[in-house]
S.K.: 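Encoded as structure tokens, here's the structure I'll be asking about.
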Amino acid sequence: MALKAVSIWGCYKPPPQLGVGVSNSHSTLIGNLRYDYDKCRKWECCCLGVLAQRATTAVEDEGPSVPPLVDSSGAADGVHQNESKGFHKDLNLLPKPLTAIDISSYPRDGSKVRVAYQGLPGAYSEDAALKAYPKCETVPCDNFEAAFKAVELWLVNKTVLPIENSVGGSVHRNYDLLLRHRLHIVGEVQLRVNHCLLGLPGVRKEELRAVVSHPQAFAQCETTLSDLGAVKIAARDTAAAAQTVASNCARDTGAIASSRAAEVYGLDILAERIQDDDENITRFLVLAREPIIPGTDRPHKTSIVFSLEEGPGVLFKALAVFAMRDINLSKVC
């Protein structure tokens, strides 16, 4: 059966063995890819994942792939000085993110599926994990590297990480980590981004003088921010922005984050769907230690990570392997 869509990206080495993983349209995980080693001896596939043609549904890149914004107006001073009374959320009760150094200290609970994600509770990545596994226990990680290691060290069963956003583009850091770690793609989740403007309870949108969020969120909500006329303050991710507003109790400071972040940090939603593009979708990969063999009852989308040696025409030769077999490539990056 011919594969109908393929994502491919590259680097270099000579080939040992292919890693495989898959998901079907019902989040069933299955995967296999047959390769002609006679035609493809020079390429080593470091990571291969077979995903469903139809996934689940999208999110922003929570990683720090975009440089922080600079407060050009200088008006950010003093935005956290106003205190709000009656804030009842105890932020110390939230789970602390895992780090790559101290990852082995996180407690284990085998009662249900444990899924790692990058960011703080309330991040879009956590929404994606809960969409893939509604009854899972989500485990926040300090960065993408820690999420990969959490799976490798058996601290969690799977990890859900963003790989591309329809507006912001590819998350190249996770492409690199797929080459470095021996995990398998076993599923895909697409999450539609719903950026919300959050503030302390009782605050009105017109009272805001500054807004905190990830730089990508700012770029995706330019129209709303322009109308608001507030100072933009960069944060490492949207959940961290919501946590900052909640912990500082600054009534004149808002955050752009998810509706789940509002619930987690006890903030009010001042405006919903403030993104410029309603079709803003982030695609996530579900990674696990073991691959799943795909069935033949439906087409599958395959993702391949490999590296190439330096030289003229090497990329052309690699792509010719697919062209000669009439395999359509949906994306090359």
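These numbers come from the heavy atoms of this one structure, side chains and all, not from hydrogens, waters or symmetry mates.
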S.K.: Please identify each residue that fulfils side chain to side chain donor-acceptor pair (under 3.5 Å) with Gln275, with sequence neighbours left out.
M.R.: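 Applying side chain to side chain donor-acceptor pair (under 3.5 Å) to Gln275 gives none.
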
S.K.: Name all residues meeting the side chain to side chain contact (heavy atoms under 4.5 Å, CB included) criterion together with Ser259; count only those two or more places apart in sequence or in a different chain, and write none if there are none.
M.R.: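 Partners of Ser259 by the side chain to side chain contact (heavy atoms under 4.5 Å, CB included) criterion, ordered by chain and then number, come out as Cys196, Ile269.
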
S.K.: Looking at residues at least two apart in the chain, or sitting in another chain, which of them share a side chain to side chain contact (heavy atoms under 4.5 Å, CB included) with Ala129?
M.R.: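 So Ala129 forms a side chain to side chain contact (heavy atoms under 4.5 Å, CB included) with Val115, Thr138, Val160.
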
S.K.: Once rounded to the nearest 0.5 Å, what's the spacing between atom CG of Leu287 and atom CG of Asn157?
M.R.: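 Answer rounded to 0.5 Å: 13.0 Å.
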
S.K.: Would you please name every residue forming a side chain to side chain donor-acceptor pair (under 3.5 Å) with Arg173, sequence neighbours left out?
M.R.: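 Once residues adjacent in sequence are excluded, Arg173 has no partner under the side chain to side chain donor-acceptor pair (under 3.5 Å) criterion.
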
S.K.: Distance from Leu319 atom CG to Ile327 atom CD1, nearest 0.5 Å?
M.R.: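 Those atoms lie 11.5 Å apart.
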
S.K.: Give a yes or no on whether the backbone of Asn280 and the side-chain of Asn165 come within a donor-acceptor separation of less than 3.5 Å.
M.R.: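 Side chain of Asn165 to backbone of Asn280: no pair is present.
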
S.K.: Once side chain to side chain contact (heavy atoms under 4.5 Å, CB included) is applied, do any residues pair with Glu222, and if so which ones, sequence neighbours excluded?
M.R.: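 Glu222: side chain to side chain contact (heavy atoms under 4.5 Å, CB included) contacts with Asp276.
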
S.K.: With clusters defined by side-chain heavy atoms of hydrophobic residues (ILVMFWY) lying less than 4.5 Å apart, directly or transitively, does Leu130 cluster with Val113?
M.R.: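 In one cluster with Val113: Leu130, no.
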
S.K.: Got Val264 and Leu120 here, is their nearest side-chain heavy-atom distance under 4.5 Å?
M.R.: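 Heavy-atom side-chain distance check fails, nothing below 4.5 Å.
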
S.K.: Once rounded to the nearest 0.5 Å, what's the spacing between atom OG of Ser170 and atom NZ of Lys331?
M.R.: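 Output value for this atom pair is 2.5 Å.
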
S.K.: Answer yes if Val167 and Val171 sit in the same cluster of Ile, Leu, Val, Met, Phe, Trp and Tyr residues linked by side chain heavy atoms under 4.5 Å apart, and no otherwise.
M.R.: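 No; Val171 is not reachable from Val167 via cluster members.
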
S.K.: Rounded to the nearest 0.5 Å, how far apart are CG of Leu267 and CD of Gln243?
M.R.: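 It comes to 10.5 Å.
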
S.K.: Taking Arg251 for its side chain and Leu200 for its backbone only, find out whether a donor-acceptor pair lies under 3.5 Å.
M.R.: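 Pair absent, no side-chain N/O of Arg251 close to backbone of Leu200.
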
S.K.: Is the backbone of Glu152 close enough, under 3.5 Å, to the side chain of Arg182 for a donor and an acceptor to pair up by distance?
M.R.: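 No; zero donor-acceptor contacts below 3.5 Å.
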
S.K.: In Å and rounded to the nearest 0.5 Å, what is the CG to CG distance from Asn194 to Asp278?
M.R.: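 If we round to the nearest 0.5 Å, Asn194:CG and Asp278:CG are 9.5 Å apart.
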
S.K.: Among Val286, Asn174, Leu177, which residue meets the side-chain contact (heavy atoms from CB on, under 4.5 Å) test with Leu161?
M.R.: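 It is Asn174; the other options fail the test.
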
S.K.: Can you check whether His214's main-chain N or O pairs, donor with acceptor, with Thr238's side chain at less than 3.5 Å?
M.R.: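 Judged by distance alone, no pair lies under 3.5 Å.
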
S.K.: Has Tyr265 got a side-chain atom pairing as donor or acceptor with Pro121's backbone, closer than 3.5 angstrom?
M.R.: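 Checked: pair present.
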
S.K.: Within this structure, what is the CD1-CD distance for the pair Ile274 and Gln220, rounded to the nearest 0.5 Å?
M.R.: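 Here the rounded value is 10.5 Å.
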
S.K.: Enumerate the side chain to side chain donor-acceptor pair (under 3.5 Å) contacts for residues 197-208, please, sequence neighbours excluded, ordered by first and then second residue.
M.R.: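 The answer is Arg204-Glu206.
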
S.K.: Run the ring-centre check on His195 versus Phe218 and record whether the distance is less than 6.0 Å.
M.R.: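 Distance test on ring centres: not under 6.0 Å, no.
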
